[in-house]
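Heads up: the structure comes next, in structure tokens.
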Amino acid sequence: MKKMLTSGLLILFFACSVNAAKYDNVPYDEVLKIATEQNDPVALNELGYRYLNGVEGVEKDTVKAREWFDKAIAQGSGTAESNVGTMYDKGNGVEQDYAKAKEWYEKGVAKNDKYAQLNLGGMYKEGRGVEKDPLKAKELLEKSAEQGLSYAQSFLGDMYFFGQGIKKDVIKARYWYEKAAEQGIPEAQFNLAIMYENGVADLKKDHDKAMDLFEKACEGGVEHPICQ
């Protein structure tokens with residue numbers, strides 16, 4: 001059973017604003033107390049994220065979001081710098097400006113922030129406001145992926161499997177798909193399933209394993225005829 005690998009959905013993960021799992025589901029008042037009393041950069045960024053996206057009981061307010069991000073940046077947060085970059089990248093609360101987005105992403109990259117690496121890598125991969133540079137994109141995505149960011153891992157898998165501006169390498173593609181699939185990225189699960197179904201990248205054909213991964217991918221939102 002031959003199936004085509006899918007890569008298009010992964011671009012949706014680029015230019016993403018991020019919070020910190022540390023404060024997932026923590027009530028607003030508690031995060032606010034930590035942010036203001038301890039000047040904790042992670043909590044400060046979390047407040048910015050909530051206002052930027054209007055989540056966890058907070059109404060969207062991009063002005064307040066930027067205020068909290070700036071406070072986090074003052075405490076050295078590269079993630080908050082990346083989030084300011086996404087505001088300019090998407091034109092979210094500010095006039096869209098790729099040059100400013102790139103500038104803010106670069107600030108985060110200088111602090112080795114994995115989200116800034118992901119987002120700047122996306123700009124170079126797609127040629128969004130910059131000249132396309134697959135090698136630069138790969139370099140940035142690898143730094144992010146090596147820090148464990150699942151989206152970067154999955155996108156790297158695509159680059160290696162399809163030879164998107166770099167030398168095709170199905171073994172490296174498999175490696176990164178496996179990393180991302182373990183973290184629940186549906187597209188990586190789907191593509192790894194195809195590898196098992198067809199015996200790609202030194203994998204022994206394993207229909208049962210493939211079907212298990214297909215099921216997870218479909219439950220995760222991948223749209224494909226096999227999911228019907």
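All values reported here derive from a predicted model rather than from experimental measurement.
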Next on the checklist: Show every salt bridge (charged side-chain N to carboxylate O under 4.0 Å, His left out) that has at least one partner inside residues 49-62, sequence neighbours left out.
Outcome noted: Glu46-Arg50, Arg50-Glu56
Item to check | Hydrophobic cluster membership, Leu47 vs Val26, 4.5 Å side-chain cutoff | outcome: yes
Item to check | Side-chain heavy-atom pair Tyr115, Ser144 within 4.5 angstrom cut-off | outcome: no
Checklist entry - What closest approach, in Å, do Ala188 and Ala181 show between heavy atoms, and which atom pair accounts for it? => result CB-N, 3.8 Å
Checklist entry - Are the side chains of Arg174 and Val200 in touch, meaning some heavy atoms are under 4.5 Å apart? => result no
Checklist entry - Heavy atoms, side chains only, cut-off 4.5 Å: are Tyr23 and Ile34 in contact? => result yes
Checklist entry - Checking Lys179 against Trp176: charged group under 6.0 Å from the ring centre and within 45 degrees of the axis? => result no
Item to check | Nearest-0.5 Å distance that lies between atom CG in Leu141 and atom OH in Tyr151 | outcome: 14.5 Å
Checklist entry - Hey, does the side chain of Asn53 reach the backbone of Tyr49 with a donor-acceptor pair shorter than 3.5 angstrom? => result yes
Checklist entry - Which residue pairs pass the disulfide bond (SG atoms under 2.5 Å apart) test with at least one member in residues 91-201, sequence neighbours excluded? => result none
Item to check | Considering all heavy atoms, the nearest Pro186-Gly220 contact | outcome: CG-O, 3.5 Å
Item to check | Under 3.5 Å side-chain donor-acceptor pair for Asp158 and Tyr177 | outcome: yes
Checklist entry - Could you state the interatomic distance from CD (Glu106) to CE (Met123), rounded to the nearest 0.5 Å? => result 9.0 Å
Next on the checklist: Distance alone, cut at 3.5 Å: any donor-acceptor contact between the side chains of Asp40 and Gln75?
Outcome noted: no
Checklist entry - Do Lys33 and Asp29 pass the salt bridge (charged side-chain N to carboxylate O under 4.0 Å, His left out) test, and can you show the C-alpha distance, the side-chain angles, and the key distance before you say yes or no? => result CA-CA 6 Å; Lys33 183 178 181 179; Asp29 289 345; over 6 Å; no
Next on the checklist: Checking side-chain contact (heavy atoms from CB on, under 4.5 Å) between Tyr98 and each of Lys102, Gln96, Lys100, which is the one that passes?
Outcome noted: Gln96
Next on the checklist: For the residue pair Ser77 / Asn45, report whether a side-chain donor-acceptor contact shorter than 3.5 Å exists.
Outcome noted: no
Checklist entry - Does the salt bridge (charged side-chain N to carboxylate O under 4.0 Å, His left out) test come out yes or no for Lys143 and Glu139, once each step is laid out? => result CA-CA 6 Å; Lys143 289 179 179 179; Glu139 175 188 343; 3.6 Å; yes
Next on the checklist: Once rounded to the nearest 0.5 Å, what's the spacing between atom OH of Tyr105 and atom CG of Asn119?
Outcome noted: 4.0 Å
Checklist entry - Are the side chain of Thr36 and the backbone N or O of Leu32 linked by a donor-acceptor pair below 3.5 Å? => result yes
Item to check | Note: Arg66-Asp70 ion pair, threshold 4.0 Å (strictly below) | outcome: yes
Next on the checklist: Side chains of Gln153 and Gln183, heavy atoms from C-beta outward: is any pair under 4.5 Å?
Outcome noted: yes
Checklist entry - Hey, does Leu213 have a side-chain heavy atom less than 4.5 Å from the side chain of Tyr196? => result yes
Item to check | Atom pair CG (Asn83) and CH2 (Trp68), whose distance is rounded to the nearest 0.5 Å | outcome: 15.0 Å
Item to check | Cationic N near anionic O, under 4.0 Å, Asp89 to Arg128 | outcome: yes
Checklist entry - Does Phe155 belong to the same Ile/Leu/Val/Met/Phe/Trp/Tyr cluster as Tyr175, with side-chain heavy atoms less than 4.5 Å apart forming each link? => result yes
Next on the checklist: Assigning hydrophobic clusters by single linkage (Ile, Leu, Val, Met, Phe, Trp, Tyr; side-chain heavy-atom cutoff under 4.5 Å), is Val42 placed with Tyr51?
Outcome noted: yes
Next on the checklist: Rounded to the nearest 0.5 Å, what separates atom CG in Leu52 from atom OG1 in Thr86?
Outcome noted: 5.5 Å
Checklist entry - Counting distance only, does the side-chain N/O of Asp169 pair as donor-acceptor with the main-chain N or O of Ile171 below 3.5 Å? => result yes
Next on the checklist: Less than 4.5 Å apart, side chain to side chain, heavy atoms only: is that true for Val84 and Ile73?
Outcome noted: yes
Checklist entry - side-chain contact (heavy atoms from CB on, under 4.5 Å) with Gln164: which of Phe162, Phe161, Tyr160? => result Phe162
Next on the checklist: Please determine whether residues Met159 and Ile185 belong to a single hydrophobic cluster, defined as Ile, Leu, Val, Met, Phe, Trp and Tyr linked transitively by side-chain heavy-atom distances below 4.5 Å.
Outcome noted: yes
Checklist outcome for this item: Minimal heavy-atom distance between Gly93 and Thr62, with the atoms involved, is CA-OG1, 3.5 Å
Checklist entry - For Glu215 and Met211, what are the C-alpha separation, side-chain angles and deciding distance, and is it a side-chain contact (heavy atoms from CB on, under 4.5 Å)? => result CA-CA 6 Å; Glu215 182 177 356; Met211 290 301 104; over 6 Å; no
Item to check | Shortest non-hydrogen contact from Ala173 toward Gly157 | outcome: CB-O, 3.4 Å
Checklist outcome for this item: Minimal heavy-atom distance between Leu44 and Ala72, with the atoms involved, is CB-CB, 3.7 Å
Next on the checklist: For a 4.5 angstrom cut-off between non-hydrogen side-chain atoms, does His207 reach Glu197?
Outcome noted: yes
Checklist entry - Can you find a heavy atom in the side chain of Ile194 that is under 4.5 Å from one in the side chain of Phe214? => result yes
Checklist entry - Going by atom types only, do Gln117 and Gln147 share a side-chain donor-acceptor pair under 3.5 Å? => result yes
Next on the checklist: Once rounded to the nearest 0.5 Å, what's the spacing between atom NZ of Lys138 and atom CG of Leu140?
Outcome noted: 10.5 Å
Checklist entry - Hey, is Glu81 close enough to Lys111 for a salt bridge, meaning N to O under 4.0 Å? => result yes
Checklist entry - When clusters are formed by joining ILVMFWY residues with side-chain heavy atoms under 4.5 Å apart, either directly or through shared neighbours, do Val58 and Phe69 land in the same one? => result no
